[in-house]
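See below for the structure under consideration.
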There are 2 protein chains.
Amino acid sequence: MGATKTEHFSAKQNQLAVILKAIAHPARIAIIEHLLKVQACICVDIVNELPLAQPTVSQHLRELKNAGIIKGNIEGTAICYCLDEKVMAQLNQYFSKINIQLEKQKNACC
Amino acid sequence: MGATKTEHFSAKQNQLAVILKAIAHPARIAIIEHLLKVQACICVDIVNELPLAQPTVSQHLRELKNAGIIKGNIEGTAICYCLDEKVMAQLNQYFSKINIQLEKQKNACC
DNA sequence: TATAAAGATTGTAATATTGCAATATTATAA
DNA sequence: TTATAATATTGCAATATTACAATCTTTATA
């Protein structure tokens, strides 16, 4: 035991968990917010921006990339990372739907 | 090493990370979706709904509660859990803002 | 009061995450 | 071609998470 029992949950639930897990770290939230601010970005900028060592930042970037949250274009020795609009739109929709539901229900019990 | 360096990030970033981390597990997403569906709910319902043992479900519920995502009212021997509207609204706003930003920028680089 | 029912806690094993030093890779510049 | 600059990978120690059996707590009912 110890590992998440993904096989018992739906593909959608697992996929959402992967995306949210990738975002759910202060360093990765900081990376996302920085990418949003500067629009395009090379990795060394992010290393200078964050209080973490270069390999650690690189690792966080990889996790964001694996989850499909950011895309990277090679530009010489640098890499231009930016946010993936589709994934962010998907998250927006998910939480938007939940809120619409909750509005309808308005304190059904608690 | 090993622990997240929360002290180097902003309070907002850390708070968001805590909330997202609490949601970022398929079992907890399933719990949230179930609470949304049935509106009010006692724990044993959730145990029957999920492919996990009672202590595991209880632990997941506690994590959601600690993060402020669900609220619980004692009702006899049962407990009525439901979603906290404020936190869900906060998440909705966060991702909504990101999407508005991304719409404006429209492929600045990648 | 004894019993049962619903949940919470505790303890623990298995696994995952975080962070970084050292090192490797890759592309440009000299 | 050799250096340099930017980023990735590897390996590892510290810490966190996941899951559950066993046990405890609390409330309701017989």
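Values reported hereafter were calculated over all heavy atoms of this structure, with side chains retained and with hydrogens, waters and symmetry mates removed. Numbered from 1 within each chain, the chains take letters A, B, ... in sequence-line order. Small disclaimer: the values here were computed from a predicted structure and weren't measured.
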V44(B) or F9(B), whichever maps to the more 5' nucleotide of DNA chain C = V44(B)

Which heavy atom of I19(A) sits nearest a heavy atom of A67(A), and at what distance?
-> CG1-O, 4.1 Å

Could you state the CD1-P distance from I31(A) to dG19(C), rounded to the nearest angstrom?
-> 10 Å

Transitively linked via ILVMFWY side-chain contacts under 4.5 Å: I46(A) with L36(A)?
-> yes

With respect to the side chain of I79(B), which nucleotide from dT7(D), dA8(C), dA8(D) is positioned closest?
-> dA8(C)

Is any side-chain heavy atom of I23(B) less than 4.5 Å from a side-chain heavy atom of L91(B)?
-> yes

Provide, to the nearest angstrom, the distance between the NE2 atom belonging to H25(B) and the P atom belonging to dT17(C).
-> 11 Å

Nearest whole angstrom, please: distance from the C1' of dA6(D) to the CG of N48(A).
-> 12 Å

For dA8(C), does OP1 or OP2 lie under 4.0 Å from any side-chain N or O of K65(B)?
-> no

With no angle test and no hydrogens, is the base of dA8(D) tied to the side chain of Q54(A) by a donor-acceptor pair under 3.5 Å?
-> yes

At under 4.0 Å between heavy atoms, what does Q59(A) touch on the DNA or RNA strands: base, sugar-phosphate, or nothing?
-> base

Using only side-chain N and O atoms of Y81(B), determine if any of them is under 4.0 Å from OP1 or OP2 of dA8(C).
-> yes

Here the distance between atom P of dC20(D) and atom CG of L50(B), to the nearest Å, is 11 Å

Could you tell me whether K21(A) contacts a base, only the sugar-phosphate backbone, or nothing, with contacts defined as non-hydrogen atoms closer than 4.0 Å?
-> sugar-phosphate

Would you mind classifying the nucleic acid contact of I74(B) as base, sugar-phosphate or nothing, using non-hydrogen atoms under 4.0 angstrom?
-> nothing

Taking OP1 and OP2 of dT28(C), is either one under 4.0 Å from a side-chain nitrogen or oxygen of T77(A)?
-> no

Round to a whole Å and report the spacing from CD1 of I46(A) to C1' of dA6(D).
-> 12 Å

For dG19(C), take OP1 and OP2 only and decide whether either is under 4.0 Å from a side-chain N or O of T56(A).
-> no

Parallel, tilted or perpendicular: which fits the ring planes of F9(A) and H25(B), with parallel below 30° and perpendicular above 60°?
-> perpendicular

Look at the side chain of E63(A) and decide which nucleotide, out of dT18(C), dA21(D), dA16(D), has an atom nearest to it.
-> dT18(C)

What is the distance from CD of E75(B) to C1' of dA5(C), rounded to the nearest Å?
-> 16 Å

When you check the phosphate oxygens OP1 and OP2 of dT17(C), does a side-chain N or O of H60(A) lie under 4.0 Å from one of them?
-> no

Side-chain touch D84(B)/I70(B), heavy atoms, less than 4.5 angstrom = no

Closest to the side chain of R28(B), out of dT18(D), dC20(D), dC20(C), is dT18(D)

Are OP1 or OP2 of dG7(C) and a side-chain N or O of R62(B) less than 4.0 angstrom apart?
-> no

Could you say whether L52(A) or C43(B) is positioned toward the 5' end of DNA chain C, judged by the nucleotide with the nearest heavy atom to each?
-> C43(B)

